[in-house]
Protein chains: 2
Amino acid sequence: MASAPATVVATSSETVTRILTAAEALFAEHGFDAVSMNAIAERAGVSKANVFHHFNTKQDLYLAVIRAACHDASQHLDDLGNDDAPMAERFEGFARAHLTSLLEHEQVARLTLRELLGEDPHRGQALAEQVYGEKFARFVAILRAGQNSGELRADIDPAAVATLLIGANVFFFEAREVLRHFPEISFARQPDRYSELLTEILLRGILPSDSSPSSSARKRS
Amino acid sequence: MASAPATVVATSSETVTRILTAAEALFAEHGFDAVSMNAIAERAGVSKANVFHHFNTKQDLYLAVIRAACHDASQHLDDLGNDDAPMAERFEGFARAHLTSLLEHEQVARLTLRELLGEDPHRGQALAEQVYGEKFARFVAILRAGQNSGELRADIDPAAVATLLIGANVFFFEAREVLRHFPEISFARQPDRYSELLTEILLRGILPSDSSPSSSARKRS
DNA sequence: TGGAACACTGACCGACCGGTCAGTCAATGA
DNA sequence: TCATTGACTGACCGGTCGGTCAGTGTTCCA
């Protein structure tokens, strides 16, 4: 008579949450095949048989984790449409918020990236497409509005801009550990600074503005 | 008395190559833990015991695969420093060549991305850092030269530009399957077109040029 | 009061894992 | 000619995997 319908056997209690939390952490850190049901049960503080009582198979548990992660992700970054600020500010705001969201919800981000790389049970792609597709569409719509109002160049593809920004942020997220060891990079530990630099480049480009006469006199430090 | 020194037990024959090829394909597609030595042996057409004859442990084999992949990668993209063309062209050339290289050597790219995500035996990171760090440094140096010659803005961080470009390409590579299902995106199956769009955005930015009077008259299709 | 329902457990299963080993076979060189 | 070497194999090892099951304790309702 309970309200729970289908998809997951579990109907009650905090135990399911404990299992899902443990599984999310382990799957995010090590990947599907590197995590055993025993390890999940141990981390959740229950018996392995109990895990199988709530989730029929390991794949079912994994799918439940992915589903929960997508549900989480669908609630992040939800407050960036209602802004009247100039486009340049909104753009930087989104860049910053997106990167911050990635870093703050590292486990969800890692799970998604593993799913992208084709961790063997690649069912979750459909879910991810739905969640991230909607966010992508909203961001592209904002850029289109900026084009229509003349705040952004009309002869560029807003979807390419969105892909570029999101890609740059995702890459920063997944490679930051390595980027730290590149001596040319000063921003590996400062995501906010990276967002600033990134925004400046995307807004105004890397070529000198034609009318500026100051180009040849500059020197690097 | 042979020439092979250390690092790997194997000293001879095409068999080692067959094993490495099979292992590279399987590790790239499924990840370290999802691939059994039996599967590798079967794909290579040899017995499992023979695999262990040439490689002491599964990790040794994995490291040998990573090492070979890094050696491959170090020979890609090696012909982009000797160019006298204008910076804008060199930039687009690099963007295109980098993305093409990712797509053409998909297995190496996937192995590297898995390593980035922290596949459990993450020893290979040091190797990858060395290879990609050198390429990164060379690209940054080219950008710096462009700044000194006045072809590029002097007030931007060339390392940020490089990270942005590489990140956008890597993201396109890893997400292209998903991007195909986003209706806003027209370039998911056309990497060359993506490189064009990306280059235009990075070179000139997304803000309208101040002196241009044409901004308000444009319409989207 | 009793029994249906359910969360939960320890013991257990067959399959498969990474890894070992004794031994076969062809090539080599003294 | 024959001992040595090294690539190679099938059989096998202990251990762990995902998954099952009989049974226990508790709750709740008839």
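So you know, we letter chains A, B, ... as the sequences are listed, proteins then strands, and number each from 1. Remember, predicted model here, so these are calculated numbers, not experimental data.
- Counting to the nearest Å, the P atom of C:dG18 and the CG atom of B:Asp60 are 14 Å from each other.
- Rounded to a whole Å, the CZ atom of A:Phe55 is 17 Å from the P atom of C:dC6.
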Side-chain donor-acceptor distances from residues 94-104 of chain B under 3.5 Å, at least two apart:
unit_1: B:Arg96; atom_1: NH2; unit_2: B:Glu92; atom_2: OE2; d: 2.6
unit_1: B:His98; atom_1: ND1; unit_2: B:Asn169; atom_2: ND2; d: 3.0
unit_1: B:Thr100; atom_1: OG1; unit_2: B:Arg96; atom_2: O; d: 2.8

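- Considering only residues two or more places apart in sequence or on other chains, A:Arg180 meets the salt bridge (Lys or Arg N to Asp or Glu O under 4.0 Å) condition with A:Glu177.
- We find that NE2 of B:His54 is positioned 12 Å from C1' of D:dT9, with the value rounded to whole Å.
- Put simply, OH on B:Tyr62 is 17 Å from C1' on C:dG18, counting in whole angstrom units.
- In this structure, B:Ile40 places its CD1 atom 15 Å from C1' of C:dC16, rounding to the nearest Å.
- In this structure, B:Gln59 atom CD and C:dG18 atom P are separated by 12 Å, rounded to whole Å.
- In this model, the phosphate group of C:dC8 is not approached by any side-chain N or O of A:His53 to a distance below 4.0 Å at OP1 or OP2.
- With sequence neighbours excluded, no residue satisfies ring-ring contact (aromatic ring centres under 6.0 Å, His included) with A:Phe91.
- Side-chain contact check for B:Tyr132 and B:Thr112: at least one donor-acceptor pair (N or O, by modelled atom type) lies under 3.5 Å.
- A heavy atom lying under 4.0 Å from DNA chain C marks the following residues of residues 42-52 of chain A, by number: A:Val46, A:Ser47, A:Ala49, A:Asn50.
- Among residues two or more places apart in sequence or in another chain, the salt bridge (Lys or Arg N to Asp or Glu O under 4.0 Å) test is passed with A:Arg110 by A:Glu106.
- For B:Asp72, the salt bridge (Lys or Arg N to Asp or Glu O under 4.0 Å) criterion is met by no residue, not counting sequence neighbours.
- Of the candidates D:dC8, C:dC8, C:dC17, C:dC17 carries the atom nearest the B:Asn38 side chain, counting heavy atoms from C-beta on.
- Phosphate proximity of C:dC8 to A:Thr15: present, with a side-chain N or O under 4.0 Å from OP1 or OP2.
- Nearest nucleotide to the B:Lys58 side chain, out of D:dA7, C:dG19, D:dC17: C:dG19.
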